[in-house]
Amino acid sequence: MPYPSKVAEDLAALRRRFALLDDLSQIGGLLSWDQHTYMPSGAAESRGRHSAALESVLHEKLSDPAVGKWLSHLEDAELEGDDAAMVRLCRRRFKRAVCLPAELVEALATGRSRAQEAWLGARRDNDFASFAPHLQWMFELSREQAELIGYVDHPYDALHEEYEPGSSSKRVRELFAQLRPALVDLVKRAAGEEQQDAVLYGEFDVAKQEEFLREAVARFGFDFRRGRLDPTVHPFAEGVDRTDVRITTRYSREYLARSLFATFHEAGHGLYEQGLPSELSHGPVGESVSLGVHESQSRMWENLVGRSLPFWRGEYPRLQKYFPALDGIDLEKFHRAVNCVKPSFIRVEADEVTYNLHVIARFELEVAMLDGSLVAADLPEAWNSSYRDLLDIEPPDYLLGCLQDVHWSVGLIGYFPTYTLGNLMSVQLFDAARGAMPDLDLRIEAGDHGALLDWLRRNIHRQGSRFGPDELLERVTGSPLDAAPYLRYLTNKFEGLRQPAGSS
């Protein structure tokens with residue numbers, strides 16, 4: 001049944017406005033991708049002005065009283081399906097936007113650009129002191145943002161909820177309280193010999209790494225007609241549009257695993273972006289539902305596929321053709337190498353068992369910096385103390401410590417827990433996929449990733465934001481978010497890997 005004319009008019013006006021906002025956001029995505037990849041460092045100041053101007057226009061268009069009027073008129077309308085979802089999502093964004101003055105929005109955009117360049121310079125010089133004032137400023141602005149948006153328990157909630165709707169610091173703490181002792185214990189039991197991953201170190205031509213990886217992620221289903229792969233300092237994915245998805249990685253001539261798993265991870269993000277519903281593009285319903293769900297996709301392709309024995313049964317002979325030095329290394333030894341458990345400094349290169357301990361450390365530190373109990377100048381010692389406590393290691397310098405992540409420099413405060421939420425979701429989703437496809441491991445071994453991708457397309461990607469992240473997960477798996485399946489998966493996998501080579 002068609003809607004009354006006034007309802008139809010307001011819906012059409014809302015669609016037009018959010019289509020415009022989507023276009024502007026995509027321009028911002030291009031500016032961000034450029035700054036992270038090929039922009040000359042001397043352009044940081046002008047890029048800050050560009051970003052601030054764009055953010056100002058976006059904020060003005062989103063917080064426009066006309067948007068509030070359209071939403072108010074639609075409050076009592078009996079909307080259906082995607083229309084109801086669109087109004088729900090538009091209302092959420094409008095409410096958050098009207099809390100923030102234009103001056104703060106511009107200051108955040110300018111601060112992000114300057115802080116990112118300061119972070120790059122600090123990494124180049126291994127000099128945290130030069131970055132500390134920028135970091136402190138970003139947290140002060142973010143605290144002001146959180147106070148204006150409002151929260152129930154902690155200012156962190158206002159920021160975290162932007163990335164993971166419906167989540168909170170309380171929920172994260174409860175999940176981390178389950179994970180922390182179990183993971184610390186599992187690290188002690190599963191840690192391998194120091195040299196177990198020695199086969200991943202050597203001399204690996206970067207051009208050959210890139211060629212292999214382009215072919216591998218194409219077999220995943222990543223469409224290079226609608227995407228690209230580029231090098232960067234800190235790997236990321238930028239979904240400008242489902243027809244323009246840009247993933248990045250970083251290469252190491254001396255350590256093969258660095259590019260392998262960074263690229264598999266970002267390809268997972270890229271596959272999600274390329275699979276979003278075309279019929280809902282140019283609007284909030286056609287976007288990804290949360291960063292936790294996004295991370296479930298990247299971590300699934302990185303770990304549940306990319307570190308699995310079935311995957312390497314098919315891919316290892318191809319990798320050996322690119323790197324003949326691996327010819328003398330049998331498959332089982334290589335598989336153990338890419339799953340070696342040992343405490344290390346770099347989050348993005350961490351094994352599955354220690355990875356979430358890196359996230360827990362960052363969560364606790366950013367909560368403290370946001371509420372003011374920790375200042376940026378004291379971060380290095382607090383960081384090192386956290387690593388001693390969680391992983392029994394201490395970073396020898398800033399590059400391996402508190403300067404390794406780009407997130408805080410670009411204002412992504414409240415983001416880190418989504419990595420662990422995504423890990424938990426990835427196992428629940430993969431279990432559901434395996435239940436639907438009992439031969440999934442055989443398909444992966446054969447290099448046939450189409451069945452898994454198609455299942456993800458139908459159940460996750462093409463759903464866009466029709467449902468919230470918690471509802472989507474429960475619809476697909478039949479269960480709410482739960483740490484138990486993830487801990488069971490890790491325990492079974494790494495207890496199995498501890499068995500002597502060749503044993504059953």
Side-chain angles (χ1 to χ4, degrees), residues 30 32-41 120 123-124 197-240 244-271 273-274 298 301-303 305-308 311-331 333-335 337-340 344-351 399-400 404 406 444 447 449 453:
L30 284 170
S32 175
W33 174 84
D34 176 65
Q35 185 167 7
H36 282 86
T37 51
Y38 299 120
M39 188 191 83
S41 59
L120 288 169
R123 280 185 56 85
R124 182 188 62 240
D197 63 346
V199 300
L200 301 174
Y201 293 87
E203 188 74 19
F204 301 98
D205 182 78
V206 168
K208 289 183 178 180
Q209 290 182 55
E210 181 180 2
E211 188 175 349
F212 169 79
L213 286 165
R214 287 180 65 87
E215 292 178 357
V217 300
R219 282 190 287 276
F220 284 176
F222 186 77
D223 183 357
F224 278 98
R225 297 170 301 171
R226 298 186 292 137
R228 56 182 294 138
L229 172 64
D230 294 276
T232 191
V233 173
H234 188 101
F236 69 99
E238 185 67 60
V240 178
D244 184 1
V245 178
R246 299 162 186 231
I247 62 174
T248 66
T249 193
R250 60 180 173 188
Y251 300 99
S252 168
R253 184 176 293 275
E254 295 81 24
Y255 181 50
L256 182 59
R258 178 167 295 161
S259 64
L260 288 180
F261 298 103
T263 310
F264 294 167
H265 180 98
E266 302 307 336
H269 284 305
L271 290 169
E273 291 290 324
Q274 290 183 340
S298 60
W301 289 99
E302 176 190 356
N303 294 324
V305 175
R307 293 185 194 268
S308 72
F311 175 77
W312 285 112
R313 285 193 182 112
E315 286 295 327
Y316 191 48
R318 297 186 181 101
L319 187 66
Q320 287 174 311
K321 288 181 180 178
Y322 280 94
F323 302 107
L326 296 173
D327 285 347
I329 310 300
D330 65 39
L331 171 63
K333 186 173 184 179
F334 180 82
H335 178 244
V338 299
N339 287 287
C340 177
S344 59
F345 301 113
I346 303 297
R347 173 185 60 84
V348 297
E349 296 172 7
D351 59 83
L399 289 180
L400 294 176
Q404 65 180 271
V406 71
I444 290 172
H449 304 296
L453 182 59

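Computed over heavy atoms, backbone and side chain alike; hydrogens, waters and symmetry mates excluded. Bear in mind that the values here come from a model prediction, so they are computed numbers and not experimental data.
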Q. In chain order, what residues pass the side-chain contact (heavy atoms from CB on, under 4.5 Å) check against T249, with sequence neighbours excluded?
A.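 side-chain contact (heavy atoms from CB on, under 4.5 Å) check on T249 returns L229, Y251, S259, A262, T263.
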Q: Could you grab the distance from atom OG of S298 to atom CD1 of I247, nearest 0.5 Å is fine?
A: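 CD1 of I247 is found 11.5 Å from OG of S298.
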Q. Which value, rounded to the nearest 0.5 Å, describes the distance between D351 atom CG and C340 atom SG?
A.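 Reported to 0.5 Å precision, the distance equals 7.0 Å.
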(Q) Aromatic contact between F264 and F311, with the criterion being ring centroids under 6.0 Å apart: yes or no? (A)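 Centroid distance F264-F311: below 6.0 Å, so yes.
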Taking the side chain as everything from C-beta on, heavy atoms only, tell me whether [X] gets closer than 4.5 Å to [Y].
X    : Y    : answer
L213 : L260 : yes
L200 : V338 : yes
R123 : V233 : yes
Y316 : L326 : yes
F323 : Q209 : yes
V240 : V245 : no
W301 : H449 : yes
P231 : Y38  : yes

Please list, chain by chain and in numerical order, all residues satisfying salt bridge (Lys or Arg N to Asp or Glu O under 4.0 Å) with [X], sequence neighbours excluded.
X    : value
E254 : none
E349 : R250, R258
E302 : R299, R307

Q.
Does anything in residues 214-228 form a salt bridge (Lys or Arg N to Asp or Glu O under 4.0 Å)? List the pairs, not counting sequence neighbours.
A.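 Those involving residues 214-228 are R219-E315, D223-R225, D223-R226, R228-D230.
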Give a yes or no answer on whether the side chain of [X] reaches the backbone of [Y] with a donor-acceptor pair at less than 3.5 Å.
X    : Y    : result
D205 : K208 : yes
E266 : R246 : no
W312 : G306 : yes

Q) Taking all non-hydrogen atoms of both residues, which atom of P317 and which atom of G314 are closest, and how far apart? A)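 Scanning both residues completely, I find the closest heavy atoms to be CD-O, 3.6 Å.
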Q) How close do G227 and F222 get, heavy atom to heavy atom, and via which atoms? A)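 Taking G227 first and F222 second, the nearest heavy atoms are CA-CZ, 3.8 Å.
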Q: Could you give me the CA-CA distance, side-chain angles and deciding distance for L30 and D244, then say whether side-chain contact (heavy atoms from CB on, under 4.5 Å) is met?
A: CA-CA 10 Å; L30 284 170; D244 184 1; 4.2 Å; yes
Q.
Using the rule given for side-chain contact (heavy atoms from CB on, under 4.5 Å), can you reason through F204 versus Y322, listing the C-alpha separation, both sets of side-chain angles and the distance that settles it, and then say yes or no?
A. CA-CA 9 Å; F204 301 98; Y322 280 94; over 6 Å; no
Q: Say whether H36 and T232, considering side chains only, have a donor N or O and an acceptor N or O under 3.5 Å apart.
A: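 H36 vs T232: no donor-acceptor pair found between side chains.
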Q. Run the side-chain contact (heavy atoms from CB on, under 4.5 Å) check on L256 and L319 step by step: do they pass?
A. CA-CA 11 Å; L256 182 59; L319 187 66; 4.1 Å; yes
Q. Does E273 have any side chain to side chain donor-acceptor pair (under 3.5 Å) partners at least two apart in sequence or in another chain, and if so, which?
A.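 Partners of E273 under the side chain to side chain donor-acceptor pair (under 3.5 Å) test: H294.
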Q) For V199 and K333, what are the C-alpha separation, side-chain angles and deciding distance, and is it a side-chain contact (heavy atoms from CB on, under 4.5 Å)? A) CA-CA 8 Å; V199 300; K333 186 173 184 179; 4.0 Å; yes
